[in-house]
Protein chains: 2
Amino acid sequence: MSREMVRQGGRSARIQKAVHEASRQLLDEMDRTRITVPMIAERAGVTPSTIYRRWGTLTELMADVAVERLRPAAAPEDTGSTAGDLESFVLQYAEEMSSPVGRALLRDVIAEAQDDDATIRCCQYTHDHLAEISARATARGEPPLDVAGVLDRTIAPICYHILFGDREVTPDYCRTLLTGAGGPG
Amino acid sequence: MSREMVRQGGRSARIQKAVHEASRQLLDEMDRTRITVPMIAERAGVTPSTIYRRWGTLTELMADVAVERLRPAAAPEDTGSTAGDLESFVLQYAEEMSSPVGRALLRDVIAEAQDDDATIRCCQYTHDHLAEISARATARGEPPLDVAGVLDRTIAPICYHILFGDREVTPDYCRTLLTGAGGPG
DNA sequence: ACCTTAACGCAATTTATTTGCATTAAGGCG
DNA sequence: CGCCTTAATGCAAATAAATTGCGTTAAGGT
């Protein structure tokens with residue numbers, strides 16, 4: 001019987017919110033490697049076993065929190081032109097992900113290998129933002145964006161250098177990547 | 001006095017080798033998330049505290065092992081032409097990193113945020129390989145490779161899609177990336 | 001209002017991590 | 001080579017984290 005498989009209301013939701021909030025606070029207060037499940041549980045007013053049962057491991061919980069945090073609050077800025085929208089989005093993306101917190105979020109999302117749900121969703125956000133910019137372009141009569149191309153030629157290098165730390169990801173570098181990356185699809 | 005800061009000989013080296021070997025074996029035998037420090041210690045014939053004192057955490061040990069494993073055994077194949085060398089290297093790179101083991105190695109290297117040493121070294125291997133191909137090119141009289149460009153336009157997208165799992169990294173896809181990515185620097 | 005059961009809290013148990021102290025063995029020096 | 005200093009290890013105790021059994025609470029459908 002499939003009467004009810006997952007409960008989403010009331011208590012369950014409150015606990016998820018409390019645990020997420022506690023995790024976010026701790027991430028801002030101390031180094032990510034010093035955070036433990038019991039620590040989060042105490043601040044959230046929950047027993048550790050609840051967290052272990054719902055999320056499994058600290059890694060999975062952190063990935064869950066990271067995805068929430070990476071979910072953009074608003075649609076990308078509308079600057080009036082596709083090139084402007086794209087530059088605005090990419091520069092903001094690079095700045096957010098370059099910060100110590102952003103880097104940690106990326107790492108946490110990627111570290112979760114069990115179900116690729118977290119990483120896929122994280123990717124989806126970026127994809128959706130680019131698709132939104134592309135939709136605006138066509139609404140203006142401009143050619144649509146090559147979303148996959150921007151991912152490959154702009155987003156991917158940015159993530160690569162942030163994750164591997166082999167070079168600074170500056171606004172100038174991002175603009176260089178954008179040159180020739182925003183063509184029509 | 002700087003008489004001796006780090007000991008590298010005899011016993012120390014044997015233990016490092018034994019621990020690495022045990023880690024590699026376990027990585028091939030079971031899921032990476034089920035591996036524990038005591039498990040590795042037992043197989044390596046070492047007490048857990050030794051591992052904790054030398055590597056700190058399981059994450060750091062795994063990153064250390066991953067870097068060793070990612071270090072290429074030989075120089076890239078010499079196919080006679082720069083384009084051929086590049087394609088050969090990139091296809092092999094993509095194949096290795098796409099496998100479950102390769103993915104796990106990449107994740108482990110990236111997860112180690114403490115000192116960027118692991119990620120930097122991992123990057124360096126790729127960079128050195130490309131530089132070798134470029135050196136061969138100039139030796140043949142061909143124009144040198146734009147190493148940074150290949151990293152940005154070919155390696156980065158491959159790593160991105162492997163890490164985020166948002167698409168298959170097929171040989172055909174790699175060849176598409178190579179088109180227009182291997183220009184002179 | 002009632003019933004079923006997913007999700008939780010609590011406490012006991014198991015496992016992992018840390019730490020103090022004794023012991024071993026690099027590696028420099030006479 | 002033998003001696004000396006001390007980094008690195010082993011062992012065991014102490015601490016902390018992760019797991020598990022079981023009773024309780026409260027979603028959510030009837």
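Lettering follows sequence order; numbering is per chain, from 1. From a predicted model like this one, the values you see are computed outputs, not experimental measurements.
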Subject >> L91(B) with L86(B), same ILVMFWY side-chain cluster at under 4.5 Å >> reply: no
**OP:** Applying salt bridge (charged side-chain N to carboxylate O under 4.0 Å, His left out), run through E29(A) and R24(A) and close with a yes or a no.
**Re:** CA-CA 9 Å; E29(A) 289 174 21; R24(A) 278 193 296 271; over 6 Å; no
Original post:
Should D31(B) and T33(B) be marked as a side-chain hydrogen bond (donor to acceptor under 3.5 Å, both in side chains) after you check the CA-CA gap, both sets of side-chain angles, and the distance that decides it?
Top reply: CA-CA 6 Å; D31(B) 189 70; T33(B) 59; 2.4 Å; yes
Original post:
Under 3.5 Å, is there an N or O donor on one side and an acceptor on the other linking the side chain of S49(A) and the base of dC8(C)?
Top reply: no
Original post:
Roughly how many Å is it from CG in L61(A) to P in dA17(D), rounded to a whole number?
Top reply: 15 Å
Original post:
Nearest nucleotide by nearest heavy atom, which residue falls closer to the 5' end of DNA chain C, T47(A) or V37(B)?
Top reply: T47(A)
Subject >> Integer-rounded Å distance: dA16(D) C1' and L58(A) CG >> reply: 14 Å
Original post:
Among side-chain atoms of D152(B) and H161(A), is any donor-acceptor pair under 3.5 angstrom?
Top reply: yes
Subject >> Side-chain N or O of T36(A) closer than 4.0 Å to phosphate OP1/OP2 of dA17(D) >> reply: yes
**OP:** Tell me which residues in residues 10-22 of chain A put a heavy atom below 4.0 Å from DNA chain C, sorted by number, or none.
**Re:** R11(A), S12(A), I15(A)
**OP:** Send over the distance from I51(B) CD1 to dT18(C) C1', rounded to a whole Å.
**Re:** 14 Å
Original post:
Could you state the CD-C1' distance from E42(A) to dC10(C), rounded to the nearest angstrom?
Top reply: 16 Å
Original post:
How is R53(A) classified with respect to the nucleic acid when contacts are heavy atoms under 4.0 Å: base, sugar-phosphate, or nothing?
Top reply: base
Original post:
CZ of R34(B) versus P of dT15(C): gap in Å, rounded?
Top reply: 13 Å
Original post:
Do T179(A) and T176(A) get their side chains close enough for a donor-acceptor pair, meaning under 3.5 Å?
Top reply: no
**OP:** Side chain of P38(A) only, please: which of dA17(D), dC8(C), dC11(D) is the nearest?
**Re:** dA17(D)
Subject >> N or O in side chain of T50(B) less than 4.0 angstrom from dG10(D) OP1/OP2 >> reply: yes
Subject >> Under the side-chain contact (heavy atoms from CB on, under 4.5 Å) test, residues paired with T126(A) that sit two or more places apart >> reply: F89(A), Y93(A), L130(A), L151(A), I155(A)
Please table the atom pairs, donor to acceptor, closer than 3.5 Å between any side-chain atom in residues 62-79 of chain B and protein atoms at least two apart or in another chain.
{"residue": "D64(B)", "atom": "OD2", "partner": "H20(B)", "partner atom": "NE2", "Å": "2.9"}
{"residue": "D64(B)", "atom": "OD2", "partner": "W55(B)", "partner atom": "NE1", "Å": "2.9"}
{"residue": "E68(B)", "atom": "OE1", "partner": "R71(B)", "partner atom": "NH2", "Å": "2.9"}
{"residue": "R69(B)", "atom": "NH2", "partner": "D28(B)", "partner atom": "OD1", "Å": "3.2"}
{"residue": "E77(B)", "atom": "OE1", "partner": "S88(B)", "partner atom": "OG", "Å": "2.8"}
{"residue": "D78(B)", "atom": "OD1", "partner": "G80(B)", "partner atom": "N", "Å": "3.0"}
{"residue": "D78(B)", "atom": "OD1", "partner": "R140(B)", "partner atom": "NH2", "Å": "2.9"}
{"residue": "T79(B)", "atom": "OG1", "partner": "S81(B)", "partner atom": "O", "Å": "3.2"}
{"residue": "T79(B)", "atom": "OG1", "partner": "D85(B)", "partner atom": "N", "Å": "3.0"}
{"residue": "T79(B)", "atom": "OG1", "partner": "D85(B)", "partner atom": "OD1", "Å": "2.7"}

